[in-house]
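Data first, discussion second: the structure below is written as structure tokens.
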Amino acid sequence: MVFLHQQIPSRKRPSSSSSSFPPSKITKSTTANSPPQNDVGENQAIDKTVSVLADAGCTLLNPSGPPCLPSDPHKLRRHLQRLFSSSENASSLRSDFLSGFSSYIQSPKNLRRVLIPSNRNGFGPTRSESLVRQLLLVPSIQQDLQLLLLEKLPEYFDIYAENNGVSMSLEDDTARLIINQLRWLDFIVDTSSFTDKLMQVLSICPPKLKREIIESLPEIIGDLNNKDVIDSLEQMLQEDSTVIMPVLESLSNLNLDSQLQEKVTMIALSCIRTIDAEHMPCLLRYLLLSSNPECIRRIITQIRKHLKFVGASNSFVTQSKKFKGKSPVDNSEASILNVLSSCLKIRNILCQEILKELECLKNPQDHRVIDIWLLILVHLNSESLQKSCGKIIKKKIIEDCIQKDMFDQCIHAKELVKDHFRSFLSLSEYLLACKEEKTRDFGLHLYISLFEELADTYSRQEVLGSLVTHVGSGVSSEVRSALQTMGLLASKYAKELISFSPFINGILDYLEGFSVENLHKVYEVFSHLALSAQSYPDSCGSSIANELLMIVRKQVSHPDMKYKQMGLIGTLKIVSCIGDANDVNCSYQSQKSNSEEALELLRTSLDSSKLLPLPLILFYDELSVMLDHKTLHPVIMEWIGKHVGEFESIFLSDLEAGHLHSNDSYCGLEGELWMNLDGDISPVCLSILPLASSSMESSSLQVLPAKFLLLSTIERSTNHGSLGGIDALLGCPLHLPSSKYFSEAGWKSLTQKQKQIVCLSLYYAANWIRELLNAFCTQLVGNLTSQATKEEIISKLMNRLRNLVFLESLLDNFMKSCSLSIPELHFYMEHCRSTLSNQPHIVGHVLRKNRHEITHDSTSPKKMAHKRNSKASKSSNTDTKLQQPTILDMLKKAGIATSQELPGGDPSGPSTKGTTNESGDQSPLDSSNPFTVEISAVPKDLEAQRFNFRPLLVQCYFILTFPKSQESCCSDPTAELPLYLYLLRDIQSKLKYLTLGKHLSGFIRMTGVEFIIRIRPLFTSLERHLNAAVSALREGNEICSEHWKVQSAFAGNPDIPYLLLTKSSVSIAVIKEILHCLGKMLNLPDIVTDKSVLSDLLEAFQSTNTPDVSSGINANIEPGTLEYLLLGAFLFVEDILEIACSYSFMVAAESLLTLESIITSAKKSLHMSLEGNGKGKNSELFQGFIQSLCSRLRNSSQRLLRNTWDDLEGGRKCRGETIQKILHIYLENSDSTSDSLEQLACSILPQVSLGKTTEEGGAHGFPTLRSTTLTVWYRELHEVNLTILYKLIKEVVIMKKSKGGIQHRTVEDVLVDLRQSVNVVVSLVNMCRTHDKAAVHGMAIKYGGRFVDCFLKAFDFLQANFQTHNQLIINLVKQLQMATRTIQTLCSEAKGMKRTNITSKIPSTKRSMERFLFHVKALLYTTPSGCTFWMGNLKHKDLSGEVVSSQAYVDVDENPAADEDEAAAVASEEDGPAKVICTKLQSSKSKLQS
């Protein structure tokens, strides 16, 4: 041991040889053969050692065993310590003792004797500690003995090699005995030198002994030299990574300070890359439990980076192992998860740090499989953080950071998933219940994966039970996704699901609550189960088929339409499963083929539906949809073909050379052929008039469109998609009433019944053409027909569209004079006919909703009351006969106007429904004044019942892409624009529905994004038509005024003189509709997530102009980016607005709203960008870009408000709503909304007079602000002011919570803004003194009460800052008091004049003012300010300030509380007592002075 000898040269044994290596076996033999004189010296030294020990009471030479120690070992140690340190020859004695002891233990036998426990002399236990242990506790010789023992260790290393790793007992293992002596010493004299020597010996130890010594280091060294120990262990780890386990064990037992603990953590962390998988759990346990809180984040980062899990590197290998039956998981990974789970349970801070780490990850490539496991473990071990885990996973899914294959790699590890099944299932439940469709799709995938991977009964039962719970949640989106999941499982694993049928069958008990879409999914699930049960007769689910058939048969035969609808849907869904052409298995029970059973079900359904037209329509429509997606058995197809073959005999009549055989009259009505596109070669015509006039056959016309749809579907399915077999129907004429009846004299000559027949004929003809468009538009896709045939079809489709526009314009005009309720031709509604058929104004406009949500409170409760009354009147005629007439009914019969009908309400309120139907023949034709019908106008009467019409399918919209007709006589586009306008209005009606986040039902079953993707090819065509309409509007002159009539006559339309087309009106309508559609598409909920579709939409509407430098738009926007496309679309619409300002107010307003939609889309894109990439330079540029767009939007809105319009188009209500939207945009996008609002409320609005002159806008600069629009401005200013006050209150609350933190605004700034808001409400309320409109007074009371109620929430803030800003706060209260006094006067006056539409708002306003009074009182009492507070009676004055008699209304006022007047008067002492004193009128006068 040269190395050891060099380290301690002074401690070399006298008898050792010149070699410094420890004596090996060869050395021992050499020593034995040494000269005798050496033995004599050694014996003498040994004798001295024996003598010294004997004097101390210890017998070293004990032939029977180890040395005998005295009964009192402390006395032995004290004697030796005194002898070796305090005696005269202490140094020589110590040296001789150590030399003799060293010579004595040269013998392995003697060494073992002094290391094993010794005998004791005297009483007590017979075994005790060893002699070496006692000598090591003597301070003067401890260090020498430690070094001596450590030098003896290498002599016994060979024993480990000879035993080949076989463990020996402790008494036989000398090396372990030596180490045992060094443990748990009471003290260590020289820690540093001992540690150095120990580490040197440790570096050459055999592996087994090395591990034991490393594990014993805390017991040997203690806490006195931790730094050196750590450095040595670090070096050992670098040299030999196999000692990681004992090193970790040793480090975990050391008592370290924070600095050393951090160093140890970094050492352990560096091993995570090289450690074996079997040792990884221990390393993770040490890192997570022993590290400082400051290091946890770094540890988690390294664990995520280096910890590999199943399939993380190669999912294909995982799949191959799975298919071979091998488990891709080993015990080490399960152990790792167990360790992580236990650590998270012990240290909750780990869960929080994991979530923070994962939240900081922004890029998809930074996410790993281990992240999912970490989230699952956090979800499992921290109940308080479960919601946070779900939100993080949801966010990552939406941002595409977590992919489905990552979860697949986790779930494919079956053994691991079984241990954490509840967490995975809980996560799936959370995702499937989210509102976002992308998240629900992810949850759907998880459910299916869990069901596929976990084949045990318990797991699958839990999965299905969770899905059934989702189905019963009642949330439409959640129910839809859950049923879709069950449908996918049933289509793949029907056999496996049969055994769980008792858990699933409960869904059938709740069919009534499902929508039509969900009914399809429910019956699809059970149809698959029933089909599978028939194939396996011995299965427990064999009764599923019987139960399902029993349910649908009961439903089909039920007289209630709701249940019949459910039964028809269920029957046809069963037919689609068992009648599939690819599945012709026989049923075990009946021995019938599936096709025969399907055919029997079809016959039963048809027979039960023939009695009523609506069930038959539903049957045909459902069958058509099924045939579009399924190929049924030839036997079934043959039966359907025979059934629809009756179409010709029922609905068609033969022609001779294109003319009718006879000119018979029907109910006194003459008929003629309309709209013959084939001329004399047309063989047949559609017999509408004969069928409509027959009471027995009229119901068959209801079924006509649905039956034709089925006919066309059968033709396509049997003729490879072609409709060549029925193409004669596209051009055949329609047998309709003679056109002479549509003149003034002809219409007057008709009876009421004949008028109804005429209108019904037009209605059925319009729906027939709509279904023709649906069918034959499919022929233009692909190569189904030749080019010549395709061009002919295009020409006929354009003409049919002209026919449709003509028919609906005519029908809308004549429905006004005919009490007619048109029959329903399309059964599909959102849930059921009974829920929506009584709401035509909602259904017809597909839940009409303003693009900019504003609450119009001036409509008053009478609108809602009218709607309820209209519903009740339509619900049951018998009920109304039994009802007792009310007082209002009697007054109406007497012709007396009720209070609800008095002037002063909202002028835009709806008129009473049904008055036109009850007024008899009051058509415009009955008037003596000449009239015209504008073809481009909205058919309002038809739109109210549009839900009864057959829907246009998406393929019809591709008519917009057709090239301009070559048969036009000039380049004037006017004749084509009405056709495009008709389609645009239909697109807009669907977009209104989709904007609400709902799915289109019926034939068009798709989401908003799916609908936009389908109409994606139309984007460029929309831009082309928009430019054409703008050009036509700019031209202004009516070029080729007969163009529409020529084209209409060519399409076979009769000549109706009063049906005219104005070029400007149709151009304006087309521009409005295209801009409206553009805005709706930009506002769809999920359009921003699909950037490719959004880019295509914006790219179609790009401006050719570039913004100038003065516009403030950043010129560094790169082409092709989303910002560039948004800017181009913004400038494009801005150019249209510029043009519209010279022609049309409504087009300009629609352009402004579209600009707002573009900015809204830009803000959504910015929000997604910030969530995905965080804040950076690009996001700051994007924010600046949006701000510049908002500035241009403000300028545009201001221009519209300041522009002088010759005539504000649209009705009164439409005009008012539009102006309110424009005003809101102007205020919202102003540099300072508060300043602009204060200017308008305090300076501009009071200048408006009550006169009716049109030149009143010149003085204040806002021509759109006049007496007729005053209420609109007044309402909007109140609402914006309330919004500002709400924001200020929120800011006040935040300032209170963050007291002492960073404040972005001072208290004085907030008080100034509050003062501005108070000034606005005071100015608006005081306007009532000069304006006597009841609507203005009602809004002043209502919004004034709301303002005071919201202002009360700021009193805590005012009280907290009263000492430093008392003057500002007092002035604030004084100013608001001016408004409360006026409101009190308004309340009293409204009661006196019996304005019931105003008095309903008084109680809540009074309560708010009373609370305001006592809040002011409390404020002044709790914060002494030297002010005086008075409360007393207030004189009763009117709005002009004149005192009136307070007893004038005593007899009519039944509610004395309504006459209360609350206000507060605050004055400084130097000004004297306040002169405004207020309390209840009935209370006695009181005076309260602070």
Side-chain angles (χ1 to χ4, degrees), residues 355 358-359 361-364 366-369 371-376 378-379 385-411 420 422-452 463 466-489 517-518 521 994-999 1006-1013 1084-1094 1164-1165 1167-1173:
L355 296 185
L358 297 180
E359 283 180 342
L361 301 176
K362 300 300 180 182
N363 299 322
D366 294 336
H367 294 76
R368 309 175 190 280
V369 176
D371 297 337
I372 298 175
W373 280 113
L374 289 175
L375 287 170
I376 292 294
V378 172
H379 186 277
L385 296 177
Q386 287 181 355
K387 289 186 178 179
S388 300
C389 289
K391 290 180 180 178
I392 291 176
I393 293 178
K394 172 184 171 182
K395 179 182 177 183
K396 299 296 182 183
I397 291 172
I398 294 175
E399 296 172 354
D400 290 326
C401 293
I402 293 181
Q403 305 293 334
K404 291 180 181 178
D405 60 339
M406 298 172 66
F407 266 101
D408 290 341
Q409 294 170 27
C410 294
I411 296 176
H420 304 86
R422 297 304 310 176
S423 296
F424 275 98
L425 187 61
S426 178
L427 177 61
S428 303
E429 293 172 354
Y430 174 80
L431 295 178
L432 200 70
C434 291
K435 295 181 180 179
E436 294 77 9
E437 187 171 358
K438 190 173 185 179
T439 311
R440 294 200 308 274
D441 183 58
F442 216 97
L444 181 152
H445 179 77
L446 284 184
Y447 270 115
I448 293 179
S449 299
L450 289 172
F451 188 88
E452 289 177 343
V463 169
S466 179
L467 287 174
V468 172
T469 303
H470 284 298
V471 172
S473 65
V475 182
S476 59
S477 58
E478 185 178 347
V479 174
R480 183 170 61 250
S481 297
L483 289 175
Q484 184 180 356
T485 307
M486 296 191 72
L488 293 173
L489 290 176
E517 181 185 3
N518 290 335
K521 293 183 171 64
L994 292 170
T995 307
L996 303 177
K998 298 186 177 182
H999 292 195
M1006 59 183 69
T1007 62
V1009 174
E1010 291 171 349
F1011 180 75
I1012 297 299
I1013 292 175
L1084 285 176
D1086 298 328
I1087 188 68
V1088 181
T1089 58
D1090 197 332
K1091 290 189 177 180
S1092 62
V1093 177
L1094 179 61
K1164 291 180 181 178
S1165 301
H1167 180 69
M1168 291 186 61
S1169 176
L1170 291 177
E1171 286 186 347
N1173 303 319

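None of the values given here were measured: they were computed from a predicted structure. Side-chain atoms are counted along with the backbone in the values below, which use heavy atoms only and exclude waters and symmetry mates.
Residues satisfying the side chain to side chain donor-acceptor pair (under 3.5 Å) criterion with His379, sequence neighbours excluded, are Ser426. Residues passing the side-chain contact (heavy atoms from CB on, under 4.5 Å) test with Lys404, sequence neighbours excluded: Asp441, Phe442, His445.
In this structure, Val471 and Leu467 have side chains that are not in contact, with every pair of non-hydrogen atoms separated by 4.5 Å or more. At a threshold of 4.5 Å between non-hydrogen side-chain atoms, the residues Leu1094 and Ile1012 do not count as touching. Looking only at side-chain heavy atoms (C-beta outward), Cys410 and Trp373 come within less than 4.5 Å of each other.
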Determine whether Ser477 and Glu437 satisfy the following criterion, side chain to side chain contact (heavy atoms under 4.5 Å, CB included), listing intermediate values before the conclusion. CA-CA 8 Å; Ser477 58; Glu437 187 171 358; over 6 Å; no
Test side chain to side chain contact (heavy atoms under 4.5 Å, CB included) on Ile397 and Gln403; report intermediate values, then the result. CA-CA 7 Å; Ile397 291 172; Gln403 305 293 334; over 6 Å; no
Start with the C-alpha distance between Val463 and Phe424, add both sets of side-chain angles, then the distance that settles side chain to side chain contact (heavy atoms under 4.5 Å, CB included), and finish with yes or no. CA-CA 10 Å; Val463 169; Phe424 275 98; over 6 Å; no
So Asn363 and Asp366, side chain to side chain contact (heavy atoms under 4.5 Å, CB included) or not? Walk me through it. CA-CA 6 Å; Asn363 299 322; Asp366 294 336; 3.4 Å; yes
Test salt bridge (Lys or Arg N to Asp or Glu O under 4.0 Å) on Lys521 and Glu517 and set out the steps. CA-CA 7 Å; Lys521 293 183 171 64; Glu517 181 185 3; 3.4 Å; yes
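Of the N and O atoms on the side chains of Tyr447 and Ser466, at least one donor lies less than 3.5 Å from an acceptor on the other residue.
Interatomic distance, Ile448 CD1 to Ser428 OG, rounded to the nearest 0.5 Å: 11.0 Å. Here Ile372 contributes atom CD1 and His420 contributes atom NE2; the two are 14.0 Å apart, rounded to the nearest 0.5 Å. Separating the OG atom in Ser473 from the CD atom in Glu478 is a distance of 3.5 Å, to the nearest 0.5 Å. Taken from CD1 in Ile398 to OG1 in Thr439, the straight-line distance is 4.0 Å, to the nearest 0.5 Å. In this structure, CE on Met486 lies 11.5 Å from CG on Leu444, to the nearest 0.5 angstrom. The NZ atom of Lys387 lies 12.5 Å from the NZ atom of Lys394; values are rounded to the nearest 0.5 Å.
Distance alone, capped at 3.5 Å, places no donor-acceptor pair between the Arg480 side chain and the Asn518 backbone. A donor-acceptor contact shorter than 3.5 Å links the side chain of Lys396 to the backbone of Leu358.
The shortest non-hydrogen separation linking Gly474 to Val479 is N-CG2, 3.9 Å. Contact between His470 and Ala482 at its shortest, heavy atoms only, is CB-CB, 3.5 Å. The two residues Gly443 and Leu432 make their nearest non-hydrogen contact at C-CD1, 4.1 Å.
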